[in-house]
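See below for the structure under consideration.
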Amino acid sequence: GTARVARVITLGTPHAGTLGDPLPRSPNSIQMVWHSDWLDTLSANETDATRALMRIALTPQDNIVYPQRAQVLPGVPVTVFEGLGHMQLCLEPQPVAWVCDQLASTAALAGADAT
């Protein structure tokens with residue numbers, strides 16, 4: 001549920017799966033296959049309330065989860081960081097600042113709700 005969740009922030013997440021592993025063997029890589037049953041079931045069970053809490057960051061140059069431009073979800077804001085690799089979404093100043101802004105805006109909303 002969403003009762004105890006303030007924000008869901010994803011960085012380069014394979015919401016629709018990835019075409020990166022043509023012969024998946026591990027349970028996790030099987031789940032992450034492009035439009036796998038697991039991912040489709042997960043997506044089908046996300047409510048509008050859940051998606052209202054989500055924010056997506058992606059990079060079209062991701063070489064692990066691709067195609068990244070397809071990793072969007074209906075109704076979820078997407079921020080695109082050009083020219084970064086998958087792991088750079090966790091390390092570079094721009095996406096780190098974006099995450100901090102997302103957390104700050106969520107904290108500000110929570111503070112406004114408390115008053």
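The cluster map of Ile, Leu, Val, Met, Phe, Trp and Tyr, joined by side-chain heavy atoms under 4.5 Å apart, puts Trp98 and Val8 in different clusters. Val76 and Val65 sit in two unconnected hydrophobic clusters of ILVMFWY residues. Membership requires side-chain heavy atoms under 4.5 Å apart, directly or through other members. Phe81 is connected to Leu11 through a chain of hydrophobic side-chain contacts under 4.5 Å among Ile, Leu, Val, Met, Phe, Trp and Tyr, so both are in one cluster. Note on Val33 and Leu39: separate hydrophobic clusters, where clusters join Ile, Leu, Val, Met, Phe, Trp and Tyr whose side-chain heavy atoms are under 4.5 Å apart, directly or indirectly. A continuous path of hydrophobic side-chain contacts links Leu84 to Ile9 [ILVMFWY only; heavy atoms under 4.5 Å].
In terms of modelled atom types and a separation under 3.5 Å, the side chain of Thr18 and the main chain of Pro14 share no donor-acceptor contact. Side-chain atoms of Gln88 come within 3.5 Å of backbone N or O of Gly85 as a donor-acceptor pair. The backbone N or O of Asp101 lies less than 3.5 Å from a partner atom in the side chain of Ser105, making a donor-acceptor pair. Between the side chain of Gln68 and the backbone N or O of Asp62, no donor-acceptor pair lies under 3.5 Å. Between the side chain of Gln61 and the main chain of Gly83, a donor-acceptor pair closer than 3.5 Å is present.
From Leu73, atom CG reaches atom OG1 of Thr50 across 11.0 Å, with rounding to the nearest 0.5 Å. Thr79 OG1 to Leu89 CG: the interatomic distance, rounded to the nearest 0.5 Å, is 11.0 Å. The CD atom of Gln31 sits 10.5 Å away from the OG1 atom of Thr41 when rounded to the nearest 0.5 Å.
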Item to complete: Would you check, one step at a time, whether the test side-chain contact (heavy atoms from CB on, under 4.5 Å) holds for Arg7 with Val5?
Response: CA-CA 6 Å; Arg7 177 78 71 222; Val5 177; 5.9 Å; no

Discussion item. Could you go through His15 and Met54, starting from their C-alpha distance and side-chain angles, then the distance that decides it, and tell me whether this counts as side-chain contact (heavy atoms from CB on, under 4.5 Å)?
Written reply: CA-CA 12 Å; His15 295 286; Met54 299 176 80; 4.0 Å; yes

Discussion item. I'd like to know whether Glu46 forms a side-chain contact (heavy atoms from CB on, under 4.5 Å) with Leu42, so could you lay out the CA-CA distance, the side-chain angles of the two residues, the decisive distance to 0.1 Å, and finally the verdict.
Written reply: CA-CA 7 Å; Glu46 291 168 348; Leu42 182 65; 4.1 Å; yes

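Side chains of Arg51 and Ser43: a donor-acceptor N/O pair is present below 3.5 angstrom, by distance only. For Thr59 and His86, the side-chain atoms include no donor-acceptor pair closer than 3.5 Å.
Between Arg55 and Val78 there is no side-chain heavy-atom pair separated by less than 4.5 Å. The shortest side-chain heavy-atom distance between Pro77 and Ile56 does not fall under the 4.5 Å cut-off.
The two residues Thr10 and Thr13 come nearest to each other via the heavy atoms CB-OG1, 3.0 Å. In terms of heavy atoms, Ser29 sits closest to Pro24 at OG-CB, 3.5 Å.
In Asp37, the CG atom is not crowded: 12 or fewer heavy atoms of neighbouring residues, nucleotides or ligands sit closer than 6.0 Å.
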